[in-house]
Amino acid sequence: VTSDDAATTDTAKPSLQLLGDPTALACEGDACIVAPQQGAVPKQN
Amino acid sequence: MSEKIKVDIWSDVQCPWCYIGKRKFEAGAEEFGGGVEVEYHSYELSPDTPVDYDGSTLDYLSERKGLPVEQVRGMLANVTEIASSVGLDYDFDSVKQTNTIKAHELLHYAKARGRQIEMKERLLKAYFTEGHHVGRIEDLADLAAELGFDRADVVRSLTENEYLAAVKADQAQANEFGIRGVPFFVIDGKYGVSGAQEAAAFAQVLQQVRDEKDAQ
């Protein structure tokens with residue numbers, strides 16, 4: 001695992017080099033909208 | 001002509017960020033301008049959801065998460081607003097929560113016939129904007145028939161679980177990659193991009209891969 005990999009996100013194993021914004025919105029389990037997980041909650045006004 | 005860049009996308013039909021991410025990826029691929037070959041893969045976010053859930057998305061999320069209804073309502077409004085920004089008219093009041101395993105099987109059925117992208121778009125639109133049920137075989141067969149598939153053959157395939165193993169294989173592959181959230185994009189088999197990124201981010205990654213391939 002490179003330091004860059006570790007700095008981005010932990011959603012994939014080291015065989016994939018992760019690119020892009022690590023905070024992009026995504027769903028984990030049924031936590032797409034309500035769970036306070038990384039990237040799962042849109043910003044509240 | 002340059003070789004197309006392969007993009008494997010793990011996604012679920014009931015994932016709001018997957019549909020938004022699909023639009024953003026499509027915009028990014030257009031901005032990139034090069035050849036891209038997309039293949040969707042199955043990822044069940046909530047495999048324990050019953051096919052016929054009696055209640056709305058609001059009910060579902062507030063019950064599952066124990067959050068106040070008004071709070072969930074506000075969050076859904078935010079998602080709806082973000083969807084609107086990419087041209088999607090989400091209608092959570094009409095969404096029918098369900099189990100998506102059969103929808104995934106249908107996507108594999110369509111893939112085997114070279115029409116997976118079309119079927120994926122139809123299922124997402126049906127679920128998020130039209131209030132269609134996407135968990136029952138008969139409803140899925142209706143949607144497939146709309147696209148010109150042989151309805152009876154779709155019913156046969158889904159009844160026989162013809163592509164269930166393919167769905168499970170996709171999910172096993174997601175586990176191997178360590179994918180825990182969707183949408184998740186694997187580009188050229190070596191780069192992972194998680195979530196509904198901005199179009200420019202997708203375009204940048206695609207260009208990076210293109211440049212690397214051209215330099216080889």
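In what follows, every chain begins at residue 1, and chains take the letters A, B, ... in the order their sequences are listed.
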Sorted by chain and residue number, the ring pair (Phe, Tyr, Trp, His ring centres under 6.0 Å) partners of B/F25 (sequence neighbours excluded) come out as B/F185, B/F202
Exercise for the section: Determine whether more than 12 heavy atoms belonging to other residues, nucleotides or ligands lie under 6.0 Å from atom NZ of B/K111. Expected result: yes
Side-chain heavy-atom pair A/L16, B/V186 within 4.5 angstrom cut-off: yes
In short, B/W17 meets A/C27 closest at the heavy-atom pair CD1-SG, 3.5 Å
* Asked: Would you say B/E121 has more than 12 foreign heavy atoms packed within less than 6.0 Å of its CD?
  -> yes
Given 3.5 Å as the limit, does a donor-acceptor pair link the side chain of A/Q17 with the main chain of B/K190, or not? no
What one should report as the nearest heavy-atom pair of B/R180 and A/E28 is O-CG, 3.4 Å
| Does B/D54 CG have over 12 foreign heavy atoms under 6.0 Å away? | no
Problem - A/L19 and B/Q208, any side-chain heavy atoms less than 4.5 Å apart - result: yes
Is the shortest side-chain heavy-atom distance between B/V79 and A/L25 below 4.5 Å? no
Okay, B/E44 and chain A: the region with an atom under 4.5 Å from a heavy atom over there is neither
| query | With a cut-off of 6.0 Å (strictly less than), are more than 12 heavy atoms of other residues, nucleotides or ligands near CD of B/Q204? | reply | no
Correct closest heavy-atom pair for A/A26 and B/G195 would be CB-CA, 3.8 Å
